[in-house]
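Pasting a structure here, questions to come.
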Amino acid sequence: MLNIIKNTALVAAVGLGLSACSSNMYTEGKNAVPAGDSYQMALYKEMMALADYERYEEDWTDANYYGGMAVAAANGESVSPRDPSTREHNRHGNLGVPTGELNGAYAAVNNELAGGSAAKDPANMAKAFAGYECMLEQSEEGHQGDDIADCRKMYNDAMAILTYVPSAPGVCYYPTDGDAVDFDCQKQISAIAEEAATGGQVVVQGHADTVGDPAYNLDLSKRRAQGVVEVLNQLNIPTDRMTVGAVGEAELRVATPDQTPEQENRAVVMRVVIQ
């Protein structure tokens, strides 16, 4: 799906009802002259990119829907993300995004908008919003696995930037559903390895937030912890000098309701214990 749009800065928000999208909203969007702030300009651009793809697929319902959102953005109107309950997941297949993940993404996008990310980082806020909208729409179709993967990556990549904060000493943070050791995490692991070079046991514990299924989150926290262990091994800290655990969402570092994205809970915590 996203060969057309994956290199553009994607969009931000839709509170328009489907009734607002007439049969010529795609054309109105193409002819619109966008105005407003940088976020609304990005919103227009990215919603039209989504609309163009749906037109290419001859899906006029969604082409007109995205066109309607583009028109609203071009007119400087405020738009909001659609609640996942407004779309029927897996209507035509079985490859849809899990409901828990969609609910978490919906909450995360709303939180970022409420926190002012549209002004602070309009391009990535727009991209995160568009990725969420794309996941929602493709999940309803439920049969284009590559398209869903591209939508999810778009959302996750943008959210990782919007929510990034430097790690505290001995803590690695991760984007939603992420388990890769990034540059900042590598520095934290290196500092722990240096501290442990002269002795002691390294305690490593993986965590996850409450977005998604608890069993999946437990496995995700294990993968995060294992990634840290592998880097420590490379830095000459043998596994028999580590105590490794993973608790998923069972031991939250910050208390949150279910299906709530929270970076402090998407973490691996490390410390050196001198015995």
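This one's a predicted model, so the numbers in the text were calculated from it and none came from an experiment.
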For this session: Could you please spell out the steps behind the side-chain contact (heavy atoms from CB on, under 4.5 Å) verdict for E264 and V171?
Result: CA-CA 9 Å; E264 287 294 331; V171 181; 5.6 Å; no
Problem set entry | Closest non-hydrogen atom pair, A42 against P122 | CB-O, 4.4 Å
Exercise. What is the distance from atom NZ of K30 to atom CD of E28, rounded to the nearest 0.5 Å?
Worked result: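 Nearest 0.5 Å value for the NZ-CD distance: 14.0 Å.
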Exercise. Should the heavy atoms of other residues, nucleotides or ligands under 6.0 Å from CZ of R253 be counted, would the total exceed 12?
Worked result: yes
For this session: For E194, look at atom CD and say whether over 12 heavy atoms of other residues, nucleotides or ligands are found less than 6.0 Å away.
Result: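 No - once you tally the heavy atoms of other residues, nucleotides and ligands closer than 6.0 Å, there are 12 at most.
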For this session: Would you please say whether a donor-acceptor pair under 3.5 Å links the side chains of D177 and Y216?
Result: yes
For this session: Measure the CD-OG1 distance between Q259 and T99 for me, rounded to the nearest 0.5 Å.
Result: 9.0 Å
Problem set entry | M159/T176 under side-chain contact (heavy atoms from CB on, under 4.5 Å): CA gap, chis, key distance, verdict | CA-CA 8 Å; M159 285 298 296; T176 297; 5.7 Å; no
Exercise. Using a distance-only test with no angle check, is there a side-chain donor-acceptor pair under 3.5 angstrom linking D52 and Y26?
Worked result: yes
Problem set entry | N/O donor-acceptor pair under 3.5 Å between Y44 side chain and A35 backbone | no
Problem set entry | Which atom of N103 lies closest to which atom of P84, heavy atoms considered |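 Residues N103 and P84, closest heavy atoms: OD1-CG, 3.4 Å.
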Problem set entry | Beyond-backbone contact of L220 with Y174, side-chain heavy atoms, under 4.5 angstrom | no
Exercise. Okay, side chain of D83, backbone of S85: is any donor-acceptor separation there less than 3.5 Å?
Worked result: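 Checked: pair present.
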Exercise. Which pair of non-hydrogen atoms, one from Q138 and one from C151, has the smallest distance, and what is that distance?
Worked result: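 Shortest heavy-atom separation between Q138 and C151 comes out as CG-SG, 3.8 Å.
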Seminar exercise, completed: Rounding to 0.5 Å, atoms CD (E262) and OH (Y173) come to a distance of 9.0 Å
Exercise. Would you say the side-chain atoms of R224 pair up with the backbone N or O of H207, donor to acceptor, closer than 3.5 Å?
Worked result: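 Looks like yes, one N/O pair under 3.5 Å.
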For this session: Mind checking the NZ-CG spacing from K222 to D179? Nearest 0.5 Å is all I need.
Result: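 Spacing of NZ (K222) from CG (D179) equals 14.0 Å.
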Problem set entry | Geometric class of the Y56/Y53 ring pair [parallel <30°, tilted 30-60°, perpendicular >60°] |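 The arrangement is tilted - the two ring planes meet at 30° to 60°.
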For this session: Working to the nearest 0.5 Å, report the span between CG of D59 and CD of E54.
Result: 4.5 Å
Problem set entry | Residue pair V247, S221: steps toward the side-chain contact (heavy atoms from CB on, under 4.5 Å) verdict | CA-CA 7 Å; V247 294; S221 69; 5.7 Å; no
For this session: Determine the minimum heavy-atom distance between N217 and T210, stating which atoms define it.
Result: ND2-C, 4.1 Å
Exercise. About how many Å separate CD of Q205 and CE of M270, when rounded to the nearest 0.5 Å?
Worked result: 12.5 Å
Exercise. After noting the C-alpha distance and the side-chain angles of E137 and Y66, does the key distance pass the side chain to side chain donor-acceptor pair (under 3.5 Å) rule?
Worked result: CA-CA 10 Å; E137 180 248 318; Y66 289 130; 3.1 Å; yes
For this session: Name all pairs fulfilling the side chain to side chain donor-acceptor pair (under 3.5 Å) condition that reach into residues 104-115, sequence neighbours left out, sorted by first residue then second.
Result: E112-S117
Problem set entry | Closest approach of G245 to A225 (non-hydrogen atoms, all atoms of both residues) |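 Here G245 and A225 meet closest at O-CB, 3.9 Å.
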For this session: Please check if the side chain of D209 supplies one atom and the backbone of R266 the other of a donor-acceptor pair under 3.5 Å.
Result: no
For this session: Test K153 against D150 for side-chain contact (heavy atoms from CB on, under 4.5 Å), laying out the working first.
Result: CA-CA 5 Å; K153 185 177 188 303; D150 283 342; 5.6 Å; no
For this session: Grab the two heavy atoms, one from D37 and one from Q40, that are nearest each other, plus how far apart they are.
Result: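 Closest heavy-atom pair between D37 and Q40: OD1-N, 2.8 Å.
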Problem set entry | Donor-acceptor contact below 3.5 Å, side chain Q201 vs main chain M242 |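 Present.
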Exercise. Taking atom types as modelled, is there a side-chain donor on T239 or N233 under 3.5 Å from an acceptor on the other?
Worked result: yes
